[in-house]
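Below is one structure; the comments refer to it alone.
Because the structure is predicted, anything quoted here is derived from the model rather than measured.
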There are 2 protein chains.
Amino acid sequence: MTKATRKAIGARIRSLRKQNGLTQVTFANMVNIERAYLSRVESGERNPSIDMIERIANGFGLTLSEFLDGI
Amino acid sequence: MTKATRKAIGARIRSLRKQNGLTQVTFANMVNIERAYLSRVESGERNPSIDMIERIANGFGLTLSEFLDGI
DNA sequence: GTGTGACTTGGAGTCCGTG
DNA sequence: CCACGGACTCCAAGTCACA
């Protein structure tokens with residue numbers, strides 16, 4: 001159930017990141033999170049907190065609602 | 001920053017819960033979470049995971065995006 | 001440039017009780 | 001009916017190394 005959601009969020013992050021021409025390292029630095037952790041979130045392995053999701057969404061200039069639209 | 005977000009989410013939960021005429025205990029049982037924990041999330045004291053937010057949103061029949069709209 | 005294993009630690013999340 | 005407390009358990013979050 002929620003695993004699908006985590007995967008979808010990870011895919012969304014990866015998609016937006018590539019759209020903006022950013023590497024994991026670059027984006028991780030932008031939003032001040034650990035690169036290895038970002039990799040795990042993108043793969044759907046982790047169940048991030050709402051704080052973390054917000055930081056990521058804001059890193060793309062999106063609101064939580066916009067970022068999670070369609071998920 | 002994120003504290004305001006947590007507070008806003010808590011207020012949203014409380015508002016939706018009351019709109020539906022549910023007590024904390026009733027809703028906590030519906031979405032299968034601990035009543036004391038729900039109380040703390042509503043007060044903005046906790047930083048819930050995306051899984052938890054999803055369970056709560058779904059408890060109201062909303063998607064994540066709908067639930068977080070305007071936050 | 002990315003994925004993953006192993007580890008630590010603070011806090012998420014549970015259980016039960018009280019005013 | 002709700003807020004808050006202690007006392008847990010377990011996982012999110014951060015760190016490092018290596019493939």
Measure [atom1]/[X] against [atom2]/[N] and give the value in whole Å, please.
X: B/Glu42; N: D/dC4; atom1: CD; atom2: C1'; result: 14 Å
X: B/Arg14; N: D/dC2; atom1: CZ; atom2: P; result: 8 Å
X: A/Gln24; N: C/dG1; atom1: CD; atom2: C1'; result: 7 Å

Picking from D/dA3, C/dG3, D/dC2, the nucleotide nearest the side-chain atoms of B/Arg17 would be D/dC2

Show the nearest heavy-atom pair for residues B/Pro48 and B/Ile53, with the distance to one decimal. CG-CD1, 3.6 Å

What heavy-atom pair brings B/Arg17 and B/Gln24 nearest, and what distance separates the two atoms? NH1-N, 3.3 Å

A/Arg6 (side chain) donor-acceptor with A/Val41 (main chain) under 3.5 angstrom: no

Between B/Arg12 (side chain) and B/Asp69 (backbone), is there a donor-acceptor pair under 3.5 Å? yes

Please work out if B/Thr23 contacts a base, only the sugar-phosphate, or nothing of the nucleic acid, heavy-atom cut-off 4.0 Å. sugar-phosphate

Go along nucleotides 9-19 of chain D 5' to 3' and tag each nucleotide: B for a protein heavy atom under 4.0 Å from its base, S when only backbone or sugar atoms are that close, - otherwise. ---SBBBBB--

Residue pairs passing the salt bridge (charged side-chain N to carboxylate O under 4.0 Å, His left out) test where at least one lies in residues 25-36 of chain B, sequence neighbours excluded: none

Steps toward side-chain hydrogen bond (donor to acceptor under 3.5 Å, both in side chains) verdict (A/Ser49, B/Ser49): CA-CA 4 Å; A/Ser49 71; B/Ser49 70; over 6 Å; no

